[in-house]
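Nothing here was measured: the structure is a model prediction, and the numbers come from that model.
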Amino acid sequence: MAAKAISSPVPVEWYPTLAVVMVSVGLMLTASFFIYEATTSRRNRSLTKEIVTASIASVFLGFGSLFVLLASGVYV
């Protein structure tokens, strides 16, 4: 029985588009986080909102970086 080749669940043609979209969304969420931190007083800040915003931005930037590497030919 021959081994099956490993293939990507995402078409290779989508890598550049996914990279741009995910990095853009991640940067917008990061900017939103920084604006929230700079404009809200210490008493009115919400730890939950900060953690959620930072976590979602981190996920988008992480996957965006992965797709940037894949789009440029660095297969990790």
Side-chain angles (χ1 to χ4, degrees):
M1 188 181 245
K4 294 182 182 179
I6 298 174
S7 64
S8 172
V10 178
V12 176
E13 298 81 25
W14 290 8
Y15 290 170
T17 304
L18 284 172
V20 169
V21 168
M22 290 188 145
V23 169
S24 298
V25 170
L27 289 175
M28 284 188 271
L29 287 169
T30 303
S32 169
F33 176 79
F34 283 125
I35 290 170
Y36 176 77
E37 290 295 318
T39 59
T40 307
S41 67
R42 284 188 185 248
R43 270 185 259 122
N44 295 333
R45 289 185 188 159
S46 168
L47 181 62
T48 306
K49 182 176 180 179
E50 292 175 10
I51 290 174
V52 168
T53 304
S55 299
I56 294 171
S58 176
V59 168
F60 273 101
L61 287 173
F63 279 108
S65 300
L66 172 69
F67 282 111
V68 166
L69 289 171
L70 291 175
S72 64
V74 180
Y75 295 103
V76 289

Do [X] and [Y] sit in one hydrophobic cluster, given that two such residues count as connected whenever their side-chain heavy atoms are within less than 4.5 Å of each other, even indirectly?
| X | Y | value |
| --- | --- | --- |
| Ile6 | Val74 | no |
| Phe33 | Met28 | no |
| Val20 | Leu69 | no |

[X]: side chain to side chain contact (heavy atoms under 4.5 Å, CB included) partners, not counting sequence neighbours:
| X | value |
| --- | --- |
| Ser46 | Tyr36, Thr48, Lys49 |
| Phe60 | Met22, Val25, Leu29, Ile56 |
| Val12 | Tyr15 |
| Ser7 | none |

Fill in: Pairs touching residues 55-76 that satisfy salt bridge (Lys or Arg N to Asp or Glu O under 4.0 Å), sequence neighbours left out
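As it turns out, there is no salt bridge (Lys or Arg N to Asp or Glu O under 4.0 Å) pair with a partner in residues 55-76 once direct neighbours are skipped.
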So the salt bridge (Lys or Arg N to Asp or Glu O under 4.0 Å) pairs with at least one residue in residues 8-21 (sequence neighbours excluded) are none
Residue pairs fulfilling side chain to side chain donor-acceptor pair (under 3.5 Å) with at least one residue in residues 23-35, sequence neighbours excluded:
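Side chain to side chain donor-acceptor pair (under 3.5 Å) check on residues 23-35 returns no pairs.
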Here the side chain to side chain donor-acceptor pair (under 3.5 Å) pairs for residues 63-76, sequence neighbours left out, are none
Notebook entry, point to check: Does Glu37 have any salt bridge (charged side-chain N to carboxylate O under 4.0 Å, His left out) partners at least two apart in sequence or in another chain, and if so, which?
Noted result: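 So Glu37 forms a salt bridge (charged side-chain N to carboxylate O under 4.0 Å, His left out) with Arg45.
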Going by chain and number, the hydrophobic cluster around Leu61 (ILVMFWY, side chain to side chain under 4.5 Å) further includes Val23, Leu27, Val68
Co-members of Ile35 in a cluster of I, L, V, M, F, W and Y side chains, linked at under 4.5 Å:
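Besides Ile35, the hydrophobic cluster comprises nothing; the residue is isolated.
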Sorted by chain and number, sequence neighbours left out, side chain to side chain donor-acceptor pair (under 3.5 Å) with Ser41 holds for Asn44
Nearest heavy-atom contact between Gly26 and Ala57 is O-CB, 3.9 Å
